[in-house]
Asks: 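Take a look at the following structure, please.
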Amino acid sequence: MFNVLIVDDNLLDIKGMMNNIEWEALGLRVCGTALDGLEGYKKSIELKPNIVITDISMPRLNGIEMTRRIKEELPETKFIFISCFDEFEFTKSAMELNINRYVLKPIDIDELQDALIYMIDIYQKELAKKLEKQELEKKINESLPLMIENFYYDLIYGKIRNNEDIINRMNYLNIYRSFKCYNVFYIEIDNYELNYSNISVEERYKLIERVKFCVEETVLQEKQGFVIKNDYRSVIVVLYFDEIKEEKVLLEESVIYAINCREYINKVADMNITMGLSGISNELSHINDLLKNAQYAVESKFYSRGNAIIMANEVMKRTNECEYDLIEIKNELSHIFEEMDRDKVNVFLQKYYGQVEDLSTNHLKSLSYSIINIIQVLLLERNLSFSDFVDDEFIVWKKLSRFETIVDIKQWINNIILGIIELIKDRETNRYSKIVEDIIEIIETKYREIDNIRDISDSLYISSSYANQIFKQQKGITIFEYLIQTKIEMAKKMLQDPYCRICDISNELGYKSNAYFTSVFKRHTGITPKEYRKRYSK
């Protein structure tokens, strides 16, 4: 409902208007009346009416001057002029004051009512526009964070490079501050594909949001700037500096922020990250260039252990490519597997991964794939495969493709080679165990007939030295020693029988003389066969 103030020095005219117009039906309410312009001005300031119906010619303050004063303080108030004076000057003054309607006296109620309806329509249209504007402003305010974020993306990725355009947009978004220098952090989650490739989209989102939160709780608590998500595995941080200082000084300050942030992420988010720190620039339009420097620094983590802070100005371009001989690599690995020498594994890895600072990432990855291919060939030559010591042989290739540092790749290849050595050892142990079992079986069944080791090895179609080497490796004694032990144990059992003569025992064990049997028995037991028999009988 709109409020109306009636100002007229003619009380009868006021009463006539109040009594003959259906105010409520029109959605109006007479909030007050005044008998002259000065009173009308004071009541307008007090009551703040939407519409003022006023006579022009009045004592103390005429309608024109009263209207001018009211509009200075209540610019949205509408006015209807009523007067018996229809001279041009009054009409001109009303037009200058942007008066909406002019009604002549004597007042025609219908004409006045039409004027009021017209005023209501104007108010409703203005109100609609005002609400529309408020709604638009509300939507703009609600979308302001998104607009700011979009601006940051445009700035960071170099979509806007003109400093004037950048400042104008920042002013519009109310985020511009007159800073002197800028620095960029590029933060990437380590081993993302290895550790998080199987998590859901929601979990990925939460993961990177935790990183953003840690940045906000550390770096951005100490320094002005902003952080945005680059993708599910990395965020970008831009820092503002108020003063121009030496780049070395500003970078040292940035490193402190970076260290605190990394430790917080390690602890709170429970993950390792690598941070690349760009150089310093005094131009907002250079932010994209700073980002590229920071990203390149992170890429160089391939040569480190990860969870590192890497300065872009300390990273050199690596372009050298060294040739490597695949035949030589195969021979070296073949010797390692033949000799099963763990020390040679370290020598091999040091040779190919020891001095890699000047080598490109592509070169080192190519070398690593070649080594794994050669290992696979050597396994096939032994009727083996990666699946013999890992659950899924494709995991060997998957991990190799997903490792982000040369340290991880080197360790992975080291583990593979050592795993194959153990696999070969197990296979060899099983094969040797069969040979040893056959030797023992021959000794236990034919000990009477065996005079030397060749009697055993010839039946197995292996050399006596090789047979003896395997037997000693597995049992800790030679074949001959085991043969003598077997005969002595049989002799002890036979000596427990009082009806067995010592000479018969000697013949049964394959000894050609009693004296030789007695000397062998005493050498291994410390007593003669007779003494053993007497001791046992007692």
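Predicted, not measured: the structure shown is a model, and the values here were computed from it. When a residue number appears, it is its place in the shown sequence, counting from 1.
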Asks: Could you walk me through whether C181 and L250 satisfy the side-chain contact (heavy atoms from CB on, under 4.5 Å) test, starting with their C-alpha distance in whole Å, then the side-chain angles of each, then the deciding distance to 0.1 Å, before giving a yes or no?
Replies: CA-CA 9 Å; C181 302; L250 294 176; 4.1 Å; yes
Asks: Around atom CD of E209, are there more than 12 heavy atoms of other residues, nucleotides or ligands at under 6.0 Å?
Replies: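 Yes, CD of E209 has more than 12 neighbouring heavy atoms, counting only those of other groups under 6.0 Å.
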Asks: Do the ring centers of Y182 and Y240 come within less than 6.0 Å of each other?
Replies: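 They qualify: ring centres under 6.0 Å apart.
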Asks: Please check: side-chain N/O of N168 versus main-chain N/O of E164, any donor-acceptor pairing under 3.5 Å?
Replies: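 Side chain of N168 to backbone of E164, a donor-acceptor pair under 3.5 Å: yes, one is there.
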Asks: Any chance you could lay out the side-chain contact (heavy atoms from CB on, under 4.5 Å) test for L291 and I287, step after step, and finish with the verdict?
Replies: CA-CA 6 Å; L291 170 62; I287 295 294; 5.5 Å; no
Asks: Taking side-chain contact (heavy atoms from CB on, under 4.5 Å) as the definition, give me every residue that meets it alongside I167, ordered by chain and number, with sequence neighbours left out.
Replies: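 With sequence neighbours excluded, I167 shows a side-chain contact (heavy atoms from CB on, under 4.5 Å) to N171, Y176, given in chain and number order.
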Asks: Do you see a donor-acceptor pair shorter than 3.5 Å between the side chains of N346 and Q350?
Replies: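 Note: N346 and Q350 side chains miss the donor-acceptor criterion.
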Asks: For A34, is there any backbone N or O sitting under 3.5 Å from a side-chain donor or acceptor partner on E39?
Replies: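 A pair under 3.5 Å: no.
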Asks: Is a side-chain donor-acceptor pair under 3.5 Å present for S234 with Y186?
Replies: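 Yes, a side-chain donor-acceptor pair sits under 3.5 Å.
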Asks: Would a 4.5 Å heavy-atom cut-off, applied to side chains only, mark I160 and F151 as touching?
Replies: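 Yes - at least one pair of side-chain heavy atoms lies under 4.5 Å apart.
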Asks: Pairing donors with acceptors under 3.5 angstrom, does anything connect the side chains of Y192 and D231?
Replies: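 Side-chain D/A pair, Y192 to D231: absent.
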Asks: Should N266 and R262 be marked as a side-chain contact (heavy atoms from CB on, under 4.5 Å) after you check the CA-CA gap, both sets of side-chain angles, and the distance that decides it?
Replies: CA-CA 6 Å; N266 292 163; R262 180 187 61 180; 3.7 Å; yes
Asks: Between F179 and Q224, is there a side-chain heavy-atom distance shorter than 4.5 Å?
Replies: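 Q224 reaches F179 side chain to side chain.
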Asks: If you look at every heavy atom in V298 and T274, which pair is closest and at what distance?
Replies: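 Minimum heavy-atom separation between V298 and T274: CG2-O, 4.1 Å.
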Asks: So, applying side chain to side chain contact (heavy atoms under 4.5 Å, CB included) with L28, which one of I51, N50, I117, I21 is it?
Replies: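 Looking at I51, N50, I117, I21, the match for L28 under the side chain to side chain contact (heavy atoms under 4.5 Å, CB included) is I51.
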Asks: With heavy-atom distances below 4.5 Å as the criterion, would you say the side chains of K330 and L378 are in contact?
Replies: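 Sidechains of L378 and K330: in contact.
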Asks: Could you tell me whether E22 atom CD has more than 12 heavy atoms of other residues or ligands within 6.0 Å of it?
Replies: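 No, CD of E22 has 12 or fewer neighbouring heavy atoms, counting only those of other groups under 6.0 Å.
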Asks: At what distance, to the nearest 0.5 angstrom, does NZ of K344 lie from CD of E338?
Replies: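 If we round to the nearest 0.5 Å, K344:NZ and E338:CD are 11.0 Å apart.
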Asks: Are N183 and L290 side-chain neighbours, meaning at least one heavy-atom pair lies under 4.5 Å?
Replies: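 The answer is no; the side chains never approach within 4.5 Å.
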Asks: Are any non-hydrogen side-chain atoms of E73 and I45 less than 4.5 angstrom apart?
Replies: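 A side-chain contact exists here, since the closest heavy-atom pair is under 4.5 Å.
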Asks: Do the side chains of I421 and V345 get nearer than 4.5 Å, heavy atoms only?
Replies: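 They are in side-chain contact.
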Asks: Just by modelled atom types, is the T33 backbone N or O under 3.5 Å from a matching donor or acceptor in the K43 side chain?
Replies: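 Side chain of K43 to backbone of T33, a donor-acceptor pair under 3.5 Å: yes, one is there.
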Asks: Mind listing the closest non-hydrogen atom pair of S368 and I409 along with its distance?
Replies: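 Closest pair (atom of S368, atom of I409, distance): OG-CG2, 3.3 Å.
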Asks: Mind checking whether L277 and I310 have side chains closer than 4.5 Å, heavy atoms only?
Replies: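 They are not in contact (no side-chain heavy atoms under 4.5 Å apart), so the answer is no.
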Asks: Check this for me: Y205, atom OH, are more than 12 non-hydrogen atoms of other residues, nucleotides or ligands nearer than 6.0 Å?
Replies: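 Not more than 12 within 6.0 Å, no.
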Asks: Can you tell me how far the CD atom of E216 sits from the CZ atom of F226, to the nearest 0.5 Å?
Replies: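 Spacing of CD (E216) from CZ (F226) equals 12.5 Å.
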Asks: If you apply the rule side-chain contact (heavy atoms from CB on, under 4.5 Å), what do you find for I236 with V184, and how did you get there?
Replies: CA-CA 7 Å; I236 300 165; V184 172; 4.0 Å; yes
Asks: Do you know the tightest heavy-atom contact between I199 and Y196?
Replies: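 I199 and Y196 have their closest heavy atoms at CG1-O, 3.0 Å.
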Asks: Using a 4.5 Å cut-off on heavy atoms from C-beta on, say whether the side chain of Y41 contacts that of E65.
Replies: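 E65 vs Y41: side chains apart.
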Asks: Under 4.0 Å between a side-chain nitrogen and a carboxylate oxygen: does that hold for R169 and D165?
Replies: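 Not counted as a salt bridge, because no side-chain N and carboxylate O are separated by less than 4.0 Å.
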Asks: Give a yes or no on whether the backbone of T218 and the side-chain of Q221 come within a donor-acceptor separation of less than 3.5 Å.
Replies: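 Judged by distance alone, no pair lies under 3.5 Å.
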Asks: Check this for me: does any side-chain nitrogen of one of E202 and K206 sit under 4.0 Å from a carboxylate oxygen of the other?
Replies: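 Counted as a salt bridge, because a side-chain N and a carboxylate O are separated by less than 4.0 Å.
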Asks: Might you confirm whether atom CG of N198 has over 12 heavy atoms from other residues, nucleotides or ligands at distances under 6.0 Å?
Replies: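 Incorrect, the count does not exceed 12.
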Asks: If you compare all heavy atoms of G225 against all heavy atoms of L220, which two are closest, and at what distance to 0.1 Å?
Replies: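 Here G225 and L220 meet closest at C-CD2, 3.8 Å.
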Asks: State whether E126 and K130 are salt-bridged, where the test is any N-O pair (Lys NZ or Arg NE/NH1/NH2 against Asp/Glu carboxylate O) under 4.0 Å.
Replies: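 So E126 does not pair with K130 through a salt bridge.
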Asks: Tell me if a side-chain donor or acceptor on S285 pairs with a main-chain N or O of N162 at a distance below 3.5 Å.
Replies: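 No; judged by distance alone, with no hydrogens or angles, the pair does not exist.
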Asks: Could you give the distance from CG (N293) to OG (S281), rounded to the nearest 0.5 Å?
Replies: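 The CG atom of N293 sits 10.0 Å away from the OG atom of S281.
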Asks: Please check if any side-chain donor atom of N288 sits under 3.5 Å from a side-chain acceptor atom of R161, or the reverse.
Replies: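 Looking only at side-chain atoms, R161 and N288 do form a donor-acceptor pair, the distance falling under 3.5 Å.
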Asks: Between K351 and E332, is the closest basic N to carboxylate O distance under 4.0 Å?
Replies: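 Looking at K351 together with E332, the answer is yes, because their closest N to O distance falls below 4.0 Å.
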Asks: Determine yes or no for a side-chain-to-main-chain donor-acceptor pair under 3.5 angstrom, with N307 supplying the side chain and I273 the backbone.
Replies: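 Yes; at least one donor-acceptor contact below 3.5 Å.
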Asks: How long is the span from the CG atom in D190 to the CZ atom in R233, to the nearest 0.5 Å?
Replies: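 The CG atom of D190 sits 8.5 Å away from the CZ atom of R233.
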Asks: Can you name the closest pair of heavy atoms from Y232 and I189 and give their distance?
Replies: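 Closest approach of Y232 to I189, heavy atoms only: O-CD1, 4.1 Å.
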Asks: Examine Y123 together with F2 and report whether their ring centres are nearer than 6.0 Å.
Replies: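 Yes, ring centres under 6.0 Å apart.
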Asks: If you round to the nearest 0.5 Å, how far is CD1 of I256 from NZ of K223?
Replies: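 Spacing of NZ (K223) from CD1 (I256) equals 11.0 Å.
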Asks: So, taking the atom named CD in E422 and the one named CZ in R342, what distance separates them when rounded to the nearest 0.5 Å?
Replies: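 It is 5.5 Å, given to the nearest 0.5 Å.
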Asks: Can you confirm whether more than 12 heavy atoms, excluding those of K229, are under 6.0 Å from its NZ atom?
Replies: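 More than 12 within 6.0 Å, yes.
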Asks: Closest approach of K78 and I122, non-hydrogen atoms and distance?
Replies: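 Taking every non-hydrogen atom into account, CE-CG2, 4.0 Å.
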